[in-house]
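I have placed the structure first, in the form of structure tokens, so that the comments after it can refer back to it.
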Amino acid sequence: MANAKPATQNPSGRPRLIRLIAIVLLALIVLVGLTVLIIWLTIKPKKLVYSIDDGSIHNYNLSNANHLNATYNFILRAYNPNKKVSVYYDKVDIVVMYDDDTLSRGTIDPFHQPKRNATRFKLNLASHDVPLRDDVAREIKTERSSGRVEMTVKLKARIRFKVGAWKSRHYHMKVSCAPIMVHFSTSSKGFQRTICDVDI
Ligand SMILES: *[C@@H]1O[C@H](CO)[C@@H](O)[C@H](O)[C@H]1NC(C)=O
Ligand SMILES: *[C@@H]1O[C@H](CO)[C@@H](O)[C@H](O)[C@H]1NC(C)=O
Ligand SMILES: *[C@@H]1O[C@H](CO)[C@@H](O)[C@H](O)[C@H]1NC(C)=O
């Protein structure tokens, strides 16, 4: 009772402890920040680059009831400019669009893209009896008479990055290639290469 010790012997002990914890925390934050900065500078991540290098339409047939049959050939170029980062494409969905209407859907098989690698994919897609809105069908007919039609190709991909032995979590990537001037013929001379927007 009489010899019970006071809770704190030194009244300034608690503030000193708090100050110590604050200094350690601050040092940790600076250390982690520096580590992240150094890793970032070593890897120097660069954006992936996509383009449509060629495109044409074949077997085009638009019925009176505005049902579309056609096949589309696109060359998609995927470029990974990174020296230290390779990319896993675990799932890639493709849509071909005219205005806001989807003409065709497809996929690219999962693949692993090495560092500093450019890969060209031949996309062979088709519309089978796709119903079009009246105004869309009219626009396509008008553009058809000029020999080419303005289309959009979009990709949605689930990707992971690999640096050394470390693999990142999954990211959703959206790629939009527009406007693609697609010709109604096999001769693709004069095709205007289209650089795509990439959003990760
Ligand atoms: C388009 O399809 C219709 C119905 O299938 C057919 O009668 C017509 O010959 C086709 N036109 C062309 C140019 O292939
Ligand atoms: C489209 O192709 C289907 C068969 O795949 C056929 O039944 C249909 O008549 C074709 N339509 C046109 C407009 O050619
Ligand atoms: C890019 O990577 C693919 C798949 O690994 C390979 O087949 C191709 O030869 C590579 N291209 C270049 C230019 O290194």
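Both counts, for ligands and for their atoms, begin at 1 and track the order of listing.
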Running the 4.5 Å side-chain criterion over Ile, Leu, Val, Met, Phe, Trp and Tyr, what cluster does V32 land in, apart from itself?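 Under the 4.5 Å side-chain rule, V32 groups with V36.
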
Q | Side chain, backbone, both or neither: P114 near ligand 3, heavy atoms under 4.0 Å | A |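 Side chain only.
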
Could you please provide the protein residues found below 4.0 Å of ligand 1 on a heavy-atom basis, arranged by chain and number?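 Within the 4.0 Å shell of ligand 1, which is judged on heavy atoms, sit N61.
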
- Quick one: are D53 and R120 in side-chain contact, heavy atoms under 4.5 Å?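 When only atoms from C-beta onward are counted, R120 and D53 do touch, with a gap below 4.5 Å.
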
Q: Apply salt bridge (Lys or Arg N to Asp or Glu O under 4.0 Å) to R144 and list each qualifying residue two or more places apart in sequence or on a separate chain.
A: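 Per chain and number, R144 pairs via salt bridge (Lys or Arg N to Asp or Glu O under 4.0 Å) with no residue.
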
Could you list the atoms of ligand 3 found under 4.0 angstrom from a heavy atom of [X]?
X: A118; value: 11 (N)
X: T119; value: 1 (C), 2 (O)
X: N117; value: 1 (C), 2 (O), 3 (C), 8 (C), 10 (C), 11 (N), 12 (C), 14 (O)

Taking atom CZ of F161 and atom CZ of R169, what is their separation to the nearest 0.5 Å?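 Those atoms lie 9.5 Å apart.
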
ask   = Do Y79 and Y50 have ring centroids that are under 6.0 Å from one another?
value =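 When the ring centroids of Y50 and Y79 are compared, they turn out to be at least 6.0 Å apart.
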
Original post:
Can you check whether Y171 and Y88 have ring centres sitting under 6.0 Å from each other?
Top reply: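 Not under 6.0 Å, so no.
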
Return each pair, listed once, that meets disulfide bond (SG atoms under 2.5 Å apart) where at least one residue sits in residues 120-176; pairs must be two or more places apart or across chains.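 Of all non-adjacent pairs touching residues 120-176, none passes disulfide bond (SG atoms under 2.5 Å apart).
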
Discussion item. If we count only N and O atoms by modelled type, under 3.5 Å, do the side chains of T71 and N59 hold a donor and an acceptor together?
Written reply: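 Result is yes, a qualifying pair exists.
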
